[in-house]
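Indexing begins at 1, ligand by ligand and atom by atom, following the structure's order.
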Amino acid sequence: MTRLSGKTAIVTGGAVGIGRACVERMAGEGAQVAIFDLLASEGEALARDLKAQGHKVAFWKVDVSDEAGVKAAIDAAAHHFGGLSILVNNAGISGSPKPTDQVTEDEWDRVQAVNVKGVYFATKHAIPHLRQAKGGSIVNLSSIAGLIGVGNLAPYHASKGAVRLMTKNDAITYASEGIRVNSIHPGYIWTPMVENHLRATAPDLEAAKAAAGSVHPIGHMGEPDDIAWAAVFLASDEAKFITGAELAVDGGYTAR
Ligand SMILES: NC(=O)c1ccc[n+]([C@@H]2O[C@H](COP(=O)([O-])OP(=O)(O)OC[C@H]3O[C@@H](n4cnc5c(N)ncnc54)[C@H](O)[C@@H]3O)[C@@H](O)[C@H]2O)c1
């Protein structure tokens with residue numbers, strides 16, 4: 001319960017899904033946590049519930065694709081909690097599933113704006129605070145789609161491949177300052193993103209859920225906590241010699 005005590009974390013996209021699990025597990029391990037999300041009512045309710053349990057958690061309404069908004073919220077969160085030591089770049093969108101020749105430029109740009117620029121903006125404006133803290137940990141949510149092709153999701157693949165290599169670039173850039181940067185590559189995790197994706201692509205949700213689960217050698221989808229515990233580990237001092245790593249948490253999907 002104390003793996004992150006004394007640390008302050010920002011989790012982008014922390015209101016639901018994987019981000020919410022990261023917020024809950026990090027707070028449970030003693031971190032102060034800032035939730036950044038577009039979903040104000042869900043984010044505020046989560047902060048309220050965790051505060052009622054004795055944790056130090058606060059919510060900021062942030063669009064990660066808006067640089068000025070990201071900088072203002074990061075500065076405000078660091079001021080509120082007295083510093084910053086962990087950034088989880090989790091906010092992301094999948095875009096609409098379709099073949100590359102049918103993707104519009106606007107659809108392409110929105111996915112890159114959230115998934116790639118969002119990681120860049122938050123990293124850029126967190127670094128001065130991590131530097132001030134004389135070190136820290138950045139955990140970037142890439143995907144199995146940043147490692148291998150799945151199909152019919154070109155903007156998402158491009159964005160998650162970019163996050164994978166931004167991670168390695170930043171790991172090298174900031175290693176000498178004690179700032180570690182790693183990526184997590186989830187397989188299918190049962191969250192609103194995956195539910196919406198399956199609802200949009202398959203007529204029978206339960207059949208689609210079972211089919212999506214069966215592509216993992218372990219035989220089923222993961223749950224948000226499977227990713228949150230990996231994020232807790234990478235954020236903690238247990239991972240103090242790990243930087244630039246890509247951690248697949250995918251039930252064996254990419255082991256083939
Ligand atoms: N669920 C999976 O199977 C899976 C697999 C691989 C990678 N991932 C990645 O993990 C991350 C979280 O995925 P999830 O399944 O929990 O997604 P989700 O859609 O369930 O939740 C994403 C959260 O991010 C927020 N968000 C979206 N755009 C935002 C923006 N512009 N600014 C601020 N917040 C924004 C949403 O409001 C939501 O709270 C994403 O980066 C996703 O690509 C998910």
Peer 1: Assess whether a salt bridge exists between R199 and E195, defined as any Lys/Arg side-chain N lying under 4.0 Å from an Asp/Glu carboxylate O.
Peer 2: yes
Peer 1: Going by an N to O cut-off under 4.0 Å, is there a salt bridge joining R20 and D37?
Peer 2: no
Peer 1: Check each of V64, V114, D63 against L38 using the side-chain contact (heavy atoms from CB on, under 4.5 Å) test, and report the only one that passes.
Peer 2: D63
Peer 1: Let's go through K117 and E67 carefully: what are the C-alpha distance in whole Å and the side-chain angles of both, what is the deciding distance for salt bridge (charged side-chain N to carboxylate O under 4.0 Å, His left out) to 0.1 Å, and is it a yes or a no?
Peer 2: CA-CA 9 Å; K117 273 187 169 180; E67 181 170 12; over 6 Å; no
Peer 1: Measure the spacing between OG1 of T123 and CG of N140 and express it to the nearest 0.5 Å.
Peer 2: 5.5 Å
Peer 1: What's the verdict on side-chain hydrogen bond (donor to acceptor under 3.5 Å, both in side chains) for H55 and E24, showing C-alpha distance, side-chain angles and the deciding distance?
Peer 2: CA-CA 9 Å; H55 301 300; E24 291 173 332; over 6 Å; no
Peer 1: In order of chain and number, which residues sit within 4.0 Å of ligand 1 by heavy atom?
Peer 2: G13, V16, G17, I18, D37, L38, L39, V62, D63, V64, N90, A91, G92, I93, R110, V114, L141, S142, S143, Y156, K160, P186, G187, Y188, I189, T191, P192, M193, V194
